[in-house]
Amino acid sequence: MKSLTDLTFDNRFARLGDAFSTHVLPEPIVEPRVVVVSAAAMALLDLDPTEADSEVFAQLFAGHTLWSEAEPRAMVYSGHQFGSYNPRLGDGRGLLLGEVVNDAGENWDLHLKGAGKTPYSRMGDGRAVLRSSIREFLASEHLHALGIPSSRALCVTASSTPVWREKQESAAMILRLAQSHVRFGHFEYFYYTRQHDLLKQLGEHVLSCHFPACLAQPEPYLAMFREVVERNAELIAYWQAYGFCHGVMNSDNMSILGITFDYGPYSFLDDFDANHICNHSDDTGRYSFSNQVPIAQWNLAALGQALTPLVEIDALRETLNLFLPLYQARYLDLMRRRLGLLSSDAGDDALIQRLLQLMQSSAVDYSNFFRELGNSTADQALARLRDDFTDLGGFDAWASDYRTRSAQDGGTQAERSARMHAVNPKYILRNYLAQQVIDAAEQGDYAPVRELHAVLSRPFDEQPGFERYAQRPPEWGKHLEISCSS
Ligand code: AMP
Ligand code: MG
């Protein structure tokens, strides 16, 4: 275990130079207070959790002081936003402080979001509000606990620095960790500005730092693209299987590592709704829940286009075509597990689709359905769940087929429950839960956000005494409009 001052840095991205990022110092926020800390994220840096109580902790994560080895940089990138190309984006309010090397030899980017203006701020104030910082923190650590690849979050720091959104709010900072902050949009920037030598330099950096195995392949860039396609197929399969809606799948919000990245107006489904749109500025539903699959492929095509100076286009196209079958296989696999099935059967896809249609027409709670299904024998669970469905004939027919199908796999009830509970969370980050703890935090009470974070860090455990966090939303919490201003 290390103290905060013992961290070792190796700032590989900063060394790429000024064509890739700009040196900018953080602008501190006043009267910093630590809102919530992830001990699990601290462990990635080998930090002792008690370090969060030190005076210097809040100073570092509110931009008042820096490690001597840190080299804060704002990265340049571009990207497709809602389908249109925006030639110049970049870190408008976040800074890559540096890369920490942990005892396991892993590099972790320290990215301070809300750190003030940069050359990429455009009309923005360079700040992040407390509300959106808490939402990103909770989601990052919760998705990780669910087994869904994600950037991580170390802490949120609140302040009395005022910021103006739809109303006056206060500035906060979140310290994000990821093994890379390179987005699809980084490649697009160098491609569309026709700086193909720099595009190649970026590719070499990503290959050597993040995909070293691809260097041994006959065509390293093609192998890298394939790896990115595979990782994204896996990621989107998780999102769809667990009801996660990202909300702003612009190509600048897509990580080259295939992790969930740049949280905005995301939501987990309460009632199952394939057409759910979580971003209320998304008028056409481009990023609706079910569109996440074709949109991920669209974004991968945008990345492929940016790689055309490095790889032959037909090979890229062929690799891109792997996305859908890879996604489908992985999704089916995850859904089988959620249903407690061990083997695979040609009829499984149809069985799953029929269930989702029934859930959609009866507005059944997506997460609780699967948890409940594993709580007792299939017969008992189905009898209890039946009450949630309006199309009873449809449900009974499905339940009968499901019963037959699960009987094929054998095993005891205890085994079935244990394997289902290990993949079906009891606790899920519902928008109404996030809203409750944000309301308290905005009044200066951080106990609720800390408790919710603790519960959501062990989503598969029963956690007696905390059952209220597993409840469906109350009426007011069903249709919260999450502003995309953050
Ligand atoms: P996002 O919607 O958070 O993914 O951000 C899209 C782009 O806008 C990125 O280049 C951000 O850095 C930038 N941006 C978002 N909010 C702000 C802000 N308050 N100040 C400056 N830049 C911002
Ligand atoms: Mg973004």
Side-chain angles (χ1 to χ4, degrees), residues 20-22 24-29 63 72-97 109 111-137 139-140 150-151 153 156 159 161-176 178 180-190 192-193 245-257 259-267 278-282 286-287 295-296 299 302-303 482-486:
F20 295 85
S21 63
T22 310
V24 182
L25 286 173
E27 279 173 47
I29 46 178
R73 313 280 301 188
M75 301 166 114
V76 62
Y77 53 83
S78 61
H80 282 84
Q81 298 181 307
F82 289 88
S84 309
Y85 185 64
N86 186 333
R88 200 168 153 93
L89 292 163
D91 290 331
R93 54 164 166 178
L95 295 174
L96 178 60
L97 298 181
D109 286 358
H111 178 99
L112 191 61
K113 190 163 172 179
K117 284 191 187 162
T118 78
Y120 314 105
S121 299
R122 296 175 292 159
M123 307 302 280
D125 58 6
R127 293 303 188 193
V129 297
L130 181 59
R131 157 177 62 78
S132 64
S133 304
I134 288 177
R135 281 176 51 86
E136 171 152 1
F137 176 91
S140 310
S150 176
S151 57
V156 172
S159 77
T161 301
V163 286
W164 188 258
R165 295 293 182 261
E166 283 90 357
K167 57 180 174 44
Q168 184 174 311
E169 300 189 46
S170 58
M173 290 189 190
I174 174 169
L175 195 283
R176 176 164 71 193
S180 170
H181 274 70
V182 173
R183 307 148 187 261
F184 290 8
H186 276 86
F187 287 90
E188 292 182 279
Y189 175 76
F190 293 108
Y192 287 105
T193 53
C245 199
H246 180 283
V248 199
M249 286 176 72
N250 293 335
S251 64
D252 54 298
N253 291 339
M254 301 288 292
S255 155
I256 199 74
L257 298 184
I259 58 177
T260 315
F261 198 66
D262 258 14
Y263 291 89
Y266 69 81
S267 72
C278 63
N279 178 354
H280 90 115
S281 324
D282 182 4
R286 178 179 170 88
Y287 300 139
I295 286 291
N299 284 326
L303 174 65
I482 302 302
S483 157
C484 93
S485 77
S486 57

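Atoms within a ligand are numbered from 1 in the order they appear, just like the ligands themselves.
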field: Closest protein heavy atom (residue, atom, distance) for atom 9 (C) of ligand 1
entry: G90 O, 3.6 Å

message: Taking 4.0 angstrom as the limit and counting only heavy atoms of N253, give me the atoms of ligand 1 inside it, by number and element.
response: 4 (O)

field: Interatomic spacing from OG in S151 to OH in Y263 - rounded to 0.5 Å
entry: 5.0 Å

query: Backbone, side chain, both or neither: what part of N250 comes under 4.0 angstrom of ligand 1, heavy atoms only?
result: neither

query: Can you list the ligand 1 atoms lying under 4.0 Å from a non-hydrogen atom of S121?
result: 21 (C), 22 (N)

- request: Take atom 5 (O) of ligand 1 and look for protein heavy atoms under 4.0 Å from it; say yes if you find one, no if not.
  value: no

query: If we only count heavy atoms from C-beta on, is the N253 to R183 side-chain gap below 4.5 Å?
result: yes

- request: With side-chain contact (heavy atoms from CB on, under 4.5 Å) as the test, would you mind laying out the steps for I256 and H186 before giving the verdict?
  value: CA-CA 9 Å; I256 199 74; H186 276 86; over 6 Å; no

message: Taking a cutoff of less than 4.0 Å between a non-hydrogen atom of the residue and any ligand atom, is R165 in contact with ligand 1?
response: yes

task: Give the numbers and elements of all ligand 1 atoms closer than 4.0 Å to a heavy atom of D262.
output: 4 (O)

- line: In D262, the N/O/S atom nearest the Mg ion (ligand 2) carries the name OD2

Side-chain H-bond candidate by donor/acceptor type, T22 with Y120, under 3.5 Å: yes

message: Looking at ligand 1, is there an atom of it that comes within less than 4.0 Å of some heavy atom belonging to G126?
response: yes

- prompt: Is there a donor-acceptor pair closer than 3.5 Å between any side-chain N or O of N299 and the backbone N or O of M249?
  reply: yes

query: Does the side-chain contact (heavy atoms from CB on, under 4.5 Å) test come out yes or no for D125 and R165, once each step is laid out?
result: CA-CA 10 Å; D125 58 6; R165 295 293 182 261; 2.7 Å; yes

field: M75 contact mode with ligand 1 (heavy-atom cut-off under 4.0 Å)
entry: neither

task: Test Y287 against N279 for side-chain contact (heavy atoms from CB on, under 4.5 Å), laying out the working first.
output: CA-CA 8 Å; Y287 300 139; N279 178 354; 5.5 Å; no

Check: R127 N/O within less than 3.5 Å of ligand 1 N/O: yes

query: What is the nearest protein non-hydrogen atom to atom 12 (O) of ligand 1, stated with its residue, atom name and distance?
result: G92 N, 2.7 Å

message: I'd like to check atom 2 (O) of ligand 1 in this structure: does the protein have a heavy atom lying under 4.0 Å from it?
response: no

- prompt: Is it the case that Y85 and S78 place a side-chain donor and acceptor less than 3.5 Å from each other?
  reply: yes

query: For atom 13 (C) of ligand 1, what is the nearest protein heavy atom, given as residue, atom name and distance?
result: R122 NH2, 3.7 Å

message: Looking only at protein heavy atoms, which one is nearest to atom 19 (N) of ligand 1, and what is the separation?
response: D125 OD1, 3.0 Å

query: Is the charged tip of R73 near the ring of F20: under 6.0 Å from the six-membered ring centre and within 45° of its axis?
result: no

query: Does V248 reach ligand 1, in the sense of a heavy atom lying below 4.0 Å from it?
result: no

field: Results of salt bridge (charged side-chain N to carboxylate O under 4.0 Å, His left out) for R127 - residues two or more places apart only
entry: E27

query: Any N/O/S atom, backbone or side chain, of N253 lying under 2.8 Å from the Mg ion (ligand 2)?
result: yes

- request: Check each atom of ligand 1 against the heavy atoms of Y77 and keep those under 4.0 Å away; list them by number with element.
  value: 9 (C), 10 (O)

- prompt: Do D252 and ligand 1 have an N or O pair less than 3.5 Å apart?
  reply: no

message: Please find the pair of heavy atoms, one from S170 and one from V163, that lie closest to each other, and give the distance.
response: C-CG2, 3.7 Å

- prompt: In a check of side chain to side chain contact (heavy atoms under 4.5 Å, CB included) between Y189 and each of V76, D252, L89, which one passes?
  reply: V76

query: Under 4.0 Å from ligand 1, counting heavy atoms only, is it the side chain of Y263, its backbone, both or neither?
result: neither

query: Hey, is the Mg ion (ligand 2) within less than 2.8 Å of some N/O/S atom on D252?
result: no

- prompt: Between R183, Q81, R93, which one has a non-hydrogen atom sitting closest to atom 23 (C) of ligand 1?
  reply: R93

- prompt: With distance as the sole criterion, is a donor-acceptor pair present between the side chains of R93 and S486 under 3.5 Å?
  reply: yes

